[in-house]
Structures are given as structure tokens and as C-alpha cells.
**Student:** 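Would you mind keeping the following structure in view while I ask a few things?
Chain identifiers are assigned alphabetically (A, B, ...) following the order of the sequence lines, protein sequences preceding nucleic acid strands; residue numbering begins at 1 within each chain. What you are looking at is a predicted structure, and each value in this text was computed from that prediction instead of being measured. Atoms considered below: every heavy atom in the structure, side chains included; atoms not considered: hydrogens, waters and symmetry mates.
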Number of protein chains: 2
Amino acid sequence: MEYEQLKLKSQLCFRLYTAARLTVGAYHPYLDPLGITYPQYLVLLVLWEQDKQPVCDIAKRLMLDTNTVTPLLQRMEKSGLLLRTKGKTDTRQRIVSLTEKGLTMREQAKHIPECLSASILEKMDPVEELAALVPALDKLIEGLSER
Amino acid sequence: MEYEQLKLKSQLCFRLYTAARLTVGAYHPYLDPLGITYPQYLVLLVLWEQDKQPVCDIAKRLMLDTNTVTPLLQRMEKSGLLLRTKGKTDTRQRIVSLTEKGLTMREQAKHIPECLSASILEKMDPVEELAALVPALDKLIEGLSER
DNA sequence: CAGATTTATATCGTTCACGATGCAAAAATA
DNA sequence: TATTTTTGCATCGTGAACGATATAAATCTG
């Protein structure tokens, strides 16, 4: 059939797109009580690993551009999770630092990865398939991000 | 160690989220000339498979809700790709049908999957890793969508 | 058949992604 | 040093996603 390749079921990207949406959705029960979104959670993960980073470093870790990250950080500043202060050595930079609220949220969030793993693993038996996913996604990301 | 495994798994969502974004981005060179977005391309895939479907059937195929699909279809109607006509047997329904423009776009789009596979495979050698991705994603989607 | 419930679609508000563009500061180069 | 280029961040506009809510029409139930 001439258009066989245009069938939805043969599309890898649609699977990725759907899996990503559904997985982010699975975080809702845990992030809603904290009053944060999934992208905001990612920012917190980065800052919990290392506080006081310029916007561009956060963007690099998340593989996003500043035009996505800046408004995200502005909303997070507004909700009291972090501060954006002018850089001293490089005044173009905005150094992002966690507030007390942002820091203490780490404690409330520390069980989220386990909860998510549990609920995903519960539905992904056997584990081997899950394990196969990670290196394949890494390779895909690496390939698509290289320039 | 159990902690390492949990840490690895907690990053799965970020990988999915990033891989999905980058893969959608890889469609840009092919979709921009057609003047459509990736979600609009997905709608076309569904309609090329079967024309004249109600909104809810399209939403089901894409695993999206009508509050996402309705505005998407409205934009596509505005750009002349499809029509949304009132259903006859069930007047609540909106039957979505392709216009001439939407139908002929299939011909222009038919090489997109090959192009994408080629550019992804180029970066995903060996192919086995790519092949492992599909059933694993299917299982994940199935698990997360069940309710 | 009347009332309750479900279904199909739409609207609104918020938050992301991201291309395009702007601007000032830093770095590179003439 | 003066000029050009690059970098870091921001703003704007558009198109998704999606929770909450609304509104008819269809369906179920008593």
C-alpha cells in the first residue's frame, strides 16, 4: 500500500510524544500538592543539585532555550521558590538561587522518584523493557541534539 | 544499590520529555514547507487513514481530550485543511472531513516518514536500540493510559 | 414519559515550547 | 583603542496541553 508509512501506528515520534505526555501526567498527584508543574520540578532538580546558577546553565541542563526558561523562572520567582539576582562578574547574567521555600521543598519532594518508579514499574513488567528504554532514549537524544 | 536504580528511573520522564521535544523538532524541516505543525500532522494522519470522523474519535486515536483537539481542528479549518460539519444521526457531533487541500497534502507528505527514519537511524546505529524502543513505549503508554 | 445521567463539543485561563526579535554587556578582532 | 561579533537574557506572538466549567443533545431509569 502506497501510504502504509503514513499510518499512525508506525510512528515512533507519536509514541514518544504520547509517552511523554502520559508520564508527565503521572507526576500530577505528587506535584499538585506542592503547587508546582513538571517543568518547574525539573528546574528544582537542577537547582537542588547545584544552587546559584545562571539562567543559561539551567537551560543547558534542561536542553531548553532561555526564551522558555526565563518565563518559567519568572513564574517560580513570583511564587517564592527562587530569586534572580544580577551577576557580579558578568552583569548580563542572572544568577538563580533557591529561597527557603525552594530549599525546603526538597524534603517534601524526596519521595516522588520512588513513587513514580513504583507506579511505572507496576505497569511495565518485566523490568527489562524499561531498562531497554533508557539507553535507547539517551542515544536518540544525543543524536538529535548534536549540531 | 537500590538508590541508584531509583535515581535512574526517576530520570526516565525527563528523557521521554526531551526525546519527544527533539523528535518533534526533527519534523520541522518537513512540516514547515507544508505550513502545518506536528500535532496538525497527527490529525492529518488520522484523517488520511479514515476521513469523516467525529471529534471524539480523532481525540481517542491521538489520546488527547477534546479541549485540546477542538481548538486544533478550528485552526486547521481556518487554514483550509478540513471542514467541521454538524452530525446528522447525532447532532451533538461534529464530523471532521478533509478538504481538497487536506487530501492532496497526503501526496506531499508521503516521504516524511522515510526522511525522518533515515535521519534518526543515521544517529541511532545499531537499529536494535530503535527497535527496542517501540514495544517498550507501547507498554508504557498502555500502562499509563489504563483507567 | 419525566427526571437524572452521560456524552460530544466548546470555552476560558494558565503554563509551556519555541521562532523571531531586541538589547546591552562581554569578548574577539582589526 | 575602535569596531565587530558573540553571548546572556528578555519580550512578543502563536500554538499546543490541560484542568475547570458550560451547554446542549442523547441515553438511561424510575
**Student:** So A/Tyr27 and A/Tyr38, would you call those rings parallel, tilted or perpendicular, with 30° and 60° as cut-offs?
**Tutor:**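 Answer is tilted, since the angle falls between 30° and 60°.
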**Student:** For B/Lys110, is there any backbone N or O sitting under 3.5 Å from a side-chain donor or acceptor partner on A/Gln5?
**Tutor:**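 Yes.
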**Student:** Please identify the 5'-most and 3'-most nucleotides of DNA chain D with any atom under 4.0 angstrom from a heavy atom of chain A.
**Tutor:** D/dT7 to D/dC18
**Student:** Looking at A/Lys86, A/Arg92, A/Gln93, A/Arg94, which hits side chain to side chain donor-acceptor pair (under 3.5 Å) with A/Asp90?
**Tutor:** A/Arg92
**Student:** Whole Å only: how far is the NZ atom of A/Lys86 from the C1' atom of C/dA26?
**Tutor:** 14 Å
**Student:** Figure out the CG/P separation between A/Leu64 and C/dT15, and round it to whole Å.
**Tutor:** 17 Å
**Student:** Would you say B/Ser79's side chain and B/Met76's backbone share a donor-acceptor pair under 3.5 angstrom?
**Tutor:**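 Looks like yes, one N/O pair under 3.5 Å.
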**Student:** Calculate the interatomic distance between A/Leu72 atom CG and C/dT14 atom P; express it in whole Å.
**Tutor:** 17 Å
**Student:** Please check this pair: side chain of B/Thr99 against backbone of B/Gly80, looking for a donor-acceptor N/O pair closer than 3.5 Å.
**Tutor:** yes
**Student:** Do the side chain of B/Arg21 and the main chain of A/Met63 share a donor and acceptor less than 3.5 angstrom apart?
**Tutor:** yes
**Student:** Between B/Val43 and B/Ile36, is a side chain to side chain contact (heavy atoms under 4.5 Å, CB included) present by the stated rule, with each step listed?
**Tutor:** CA-CA 10 Å; B/Val43 170; B/Ile36 58 174; over 6 Å; no
**Student:** Pull out every protein N or O sitting under 3.5 Å from an N or O of nucleotides 7-11 of chain C, one pair per line with the distance.
**Tutor:**
from: C/dT7; atom 1: O2; to: B/Arg92; atom 2: NH1; distance (Å): 2.5
from: C/dT9; atom 1: OP1; to: B/Val55; atom 2: N; distance (Å): 3.2
from: C/dT9; atom 1: OP1; to: B/Arg94; atom 2: N; distance (Å): 2.8
from: C/dT9; atom 1: OP1; to: B/Arg94; atom 2: O; distance (Å): 3.4
from: C/dT9; atom 1: OP2; to: B/Cys56; atom 2: N; distance (Å): 2.5
from: C/dA10; atom 1: OP1; to: B/Arg84; atom 2: NH2; distance (Å): 2.4
from: C/dA10; atom 1: OP1; to: B/Arg94; atom 2: NE; distance (Å): 3.1
from: C/dA10; atom 1: OP2; to: B/Thr70; atom 2: OG1; distance (Å): 2.9
from: C/dT11; atom 1: OP2; to: B/Gln74; atom 2: NE2; distance (Å): 2.9

**Student:** At what distance, to the nearest 0.5 angstrom, does OG of B/Ser97 lie from CZ of B/Arg84?
**Tutor:**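 Those atoms lie 11.0 Å apart.
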**Student:** Whole Å only: how far is the CD1 atom of A/Ile58 from the C1' atom of C/dC16?
**Tutor:**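 After rounding, the reported distance stands at 17 Å.
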**Student:** Ignoring hydrogens and angles, tell me if any N or O in the side chain of A/Thr66 forms a donor-acceptor pair with the backbone of A/Val69 under 3.5 Å.
**Tutor:**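 Between the backbone of A/Val69 and the side chain of A/Thr66 there is no qualifying donor-acceptor contact (under 3.5 Å).
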**Student:** Considering all heavy atoms of both residues, which atom of A/Ala109 and which atom of A/Leu34 are nearest to each other, and what is their separation?
**Tutor:**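 That would be CB-CD1, 4.1 Å.
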**Student:** Would you jot down, in residue-number order, the residues of residues 20-48 of chain B having a non-hydrogen atom under 4.0 Å from DNA chain C?
**Tutor:** B/Arg21
